[in-house]
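Just so it is clear: chains get the letters A, B, ... in the order the sequence lines come, proteins before strands, and each one is counted from 1. As the structure is a computational prediction, the values presented were derived from the model and not from experiment.
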2 protein chains.
Amino acid sequence: MQQMGDDQSGSETGRTLILDELLGYALRRAQLKVFKDFEEAMREYAIRPAQFSALVVVEEMPGVTQSELAQRLAIDPPRVVNLVHDLEKRGYAVRVRCKRDRRSHGIFLTKPGEALVTTLKRLSVESDARASVGLSEDERAHLLRLLRKIYDTPEAP
Amino acid sequence: MQQMGDDQSGSETGRTLILDELLGYALRRAQLKVFKDFEEAMREYAIRPAQFSALVVVEEMPGVTQSELAQRLAIDPPRVVNLVHDLEKRGYAVRVRCKRDRRSHGIFLTKPGEALVTTLKRLSVESDARASVGLSEDERAHLLRLLRKIYDTPEAP
DNA sequence: TATTGTTATACTCTATAACTATA
DNA sequence: TATAGTTATAGAGTATAACAATA
């Protein structure tokens with residue numbers, strides 16, 4: 001290994017000069033690692049990250065419409081259709097036509113859906129703890145705060 | 001908007017109780033935002049994030065083999081094939097068979113490849129600065145350090 | 001005319017297995 | 001037999017346009 005690289009490369013540290021100074025690259029690497037554990041934890045319930053976040057939002061906002069859900073999760077409406085359709089097909093959620101505006105569908109969890117999301121939230125917290133085992137409690141809180149600053153800052157147009 | 005949600009939801013803050021306490025969710029949101037600007041900046045050169053990182057590594061490690069590149073970027077070997085093949089097809093890189101081990105191919109940048117990566121590195125730094133405009137220099141450095149701690153920590157098996 | 005949800009589509013990313021050529 | 005690279009393939013994620021029902 002490293003036969004061709006050793007004699008010509010300037011780096012033996014496992015770091016490149018620029019990649020590890022870029023937030024985008026560091027964010028991607030960190031996210032890949034955290035998601036890997038998360039997906040592993042959810043595998044038993046066949047729940048993908050996007051489905052998990054949808055379940056959690058519906059639990060906290062019963063009757064949320066699909067367009068609201070799309071906005072809240074920062075995903076496109078067509079994705080929400082499939083997402084919710086699958087949850088409904090599996091008996092975890094139902095769509096109820098809104099009486100006031102019959103174009104809208106409010107989403108509610110079923111009893112099994114409530115039970116599932118309770119379990120999944122516990123698993124997600126455990127997975128998150130594993131992923132951040134190298135961080136102190138202060139560091140973890142600080143990281144969260146900085147990440148929110150990134151994605152809450154409106155982009156300059 | 002919010003017709004069905006308003007009267008039943010417990011959250012009016014734009015935050016859910018648990019999602020914003022999860023590193024995985026915050027990482028995904030932040031990464032989406034940073035990548036959006038990055039991809040926009042690279043669009044003119046038709047370079048995807050993975051190709052950019054490959055170019056940078058090859059520049060810093062001339063003659064790196066494809067398997068080394070896969071390991072360095074934490075991606076699977078089959079992805080590297082397409083990645084490098086495309087760069088070679090467009091004249092930015094060449095694959096040279098290694099004399100010592102004729103199974104290996106060392107990757108080198110061409111002159112146009114060197115010129116391209118110089119431009120792209122500048123663009124990437126500018127994009128990163130835009131994405132972290134809400135952060136001070138100290139915060140940005142701290143965030144990078146915390147992210148590296150996440151993805152450098154070996155996973156507990 | 002505008003909006004909600006939907007369908008269809010296509011393109012990328014990602015992962016896996018299986019093949020080849022070299023060792 | 002083991003490894004580097006490759007091929008093929010399939011699944012998931014993502015984005016867009018266009019349509020139906022409703023407002």
Side-chain angles (χ1 to χ4, degrees), chain A residues 1-5 24 28-29 31-33 35-36 38-40 42-43 46-54 63-89 93-107, chain B residues 1-5 24-25 27-29 31-33 35-36 38-40 42-43 46-54 63-89 93-107:
Chain A
M1 219 199 286
Q2 284 282 90
Q3 291 169 352
M4 301 196 69
R28 170 174 164 272
R29 291 290 296 262
Q31 193 233 334
L32 276 174
K33 169 139 181 189
F35 265 47
K36 193 177 169 188
F38 181 83
E39 289 169 17
E40 190 91 22
M42 298 286 152
R43 189 157 303 155
I47 292 290
R48 304 283 310 163
Q51 287 180 316
F52 169 76
S53 58
V64 65
T65 66
Q66 300 190 187
S67 52
E68 285 163 8
L69 189 56
Q71 199 182 356
R72 181 65 56 110
L73 298 178
I75 62 180
D76 296 308
R79 278 195 70 192
V80 177
V81 175
N82 291 326
L83 220 58
V84 175
H85 186 72
D86 186 59
L87 293 176
E88 192 168 35
K89 197 175 59 184
V94 289
R95 276 177 287 198
V96 180
R97 209 143 211 199
C98 178
K99 281 170 189 158
R100 261 196 284 176
D101 184 340
R102 289 169 44 74
R103 293 172 303 183
S104 297
H105 298 78
I107 313 169
Chain B
M1 218 195 288
Q2 285 282 88
Q3 290 170 355
M4 298 195 71
Y25 182 77
L27 284 167
R28 170 175 164 271
R29 291 290 296 263
Q31 193 232 334
L32 276 175
K33 170 141 180 186
F35 265 48
K36 193 176 167 189
F38 181 83
E39 289 170 15
E40 189 92 22
M42 297 287 152
R43 188 156 305 153
I47 292 291
R48 304 284 310 164
Q51 288 180 315
F52 169 76
S53 57
V64 64
T65 67
Q66 300 190 186
S67 52
E68 285 163 6
L69 189 55
Q71 197 182 357
R72 181 65 57 110
L73 297 177
I75 62 181
D76 296 308
R79 278 195 69 194
V80 177
V81 175
N82 291 327
L83 219 58
V84 175
H85 186 73
D86 187 59
L87 293 176
E88 190 167 37
K89 197 175 59 183
V94 288
R95 277 176 286 198
V96 180
R97 209 145 211 200
C98 180
K99 281 171 189 159
R100 262 198 283 175
D101 183 342
R102 287 168 45 73
R103 293 173 302 182
S104 298
H105 298 78
I107 313 170

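Contact check for B/Ile75 versus B/Leu83: side-chain heavy atoms found under the 4.5 Å cut-off. No side-chain heavy atom of A/Phe38 sits less than 4.5 Å from a side-chain heavy atom of A/Ile47. At least one side-chain heavy atom of A/Arg95 sits under 4.5 Å from a side-chain heavy atom of A/Val84. Considering only heavy atoms from C-beta on, B/Glu39 comes within 4.5 Å of B/Pro49 through its side chain.
One interatomic measurement links the two molecules: CG of A/Asn82 to P of D/dG11, which rounds to 15 Å at whole-angstrom precision. Rounded to a whole Å, the CD1 atom of A/Ile47 is 11 Å from the P atom of D/dG13. The distance from atom CD1 of A/Ile75 to atom P of C/dG5 is 13 Å, rounded to the nearest whole Å. We find that CE of B/Met42 is positioned 18 Å from C1' of C/dT12, with the value rounded to whole Å. Put simply, CD on B/Gln51 is 12 Å from C1' on C/dC13, counting in whole angstrom units. Following rounding to the nearest Å, B/Asp76 (CG) and C/dA18 (P) show an atom-to-atom distance of 16 Å. Rounded to an integer number of Å, the gap from CG of B/Asp86 to P of C/dC13 is 10 Å. Atom C1' of nucleotide D/dA4 and atom CZ of B/Arg97 are separated by 10 Å, given to the nearest angstrom.
Taking for each of A/Pro78 and B/Pro77 the nucleotide of DNA chain C with the nearest heavy atom, the 5'-most of the two is the partner of A/Pro78. Comparing A/Arg48 and A/Arg103 by the nucleotide of DNA chain D whose heavy atom lies nearest to each, the residue mapping closer to the 5' end is A/Arg48.
Distance from the side chain of B/Val81 is smallest to D/dT7 among C/dT22, D/dT7, C/dA2. In this structure, of C/dT3, D/dA4, D/dT7, it is D/dA4 that holds the atom nearest to the side chain of B/Ser104. Checked against C/dT6, D/dA21, D/dA23, the side chain of A/Arg102 finds its nearest nucleotide in D/dA23. The listed nucleotides are D/dT22, C/dG5, D/dG5; the one nearest the side chain of B/Gln66 is D/dG5.
Note on A/Arg79: a base of the nucleic acid sits closer than 4.0 angstrom, heavy atoms only. Among the heavy atoms of the strands, none lies under 4.0 Å from B/Arg28.
To the nearest 0.5 Å, atom CG of residue A/Asp86 and atom NZ of residue A/Lys89 are 5.0 Å apart.
The phosphate of C/dT4 (OP1 or OP2) has no side-chain N or O of A/Arg95 nearer than 4.0 angstrom. Proximity of B/Ser67 to the phosphate of D/dT3: no side-chain N or O atom is located under 4.0 Å from OP1 or OP2.
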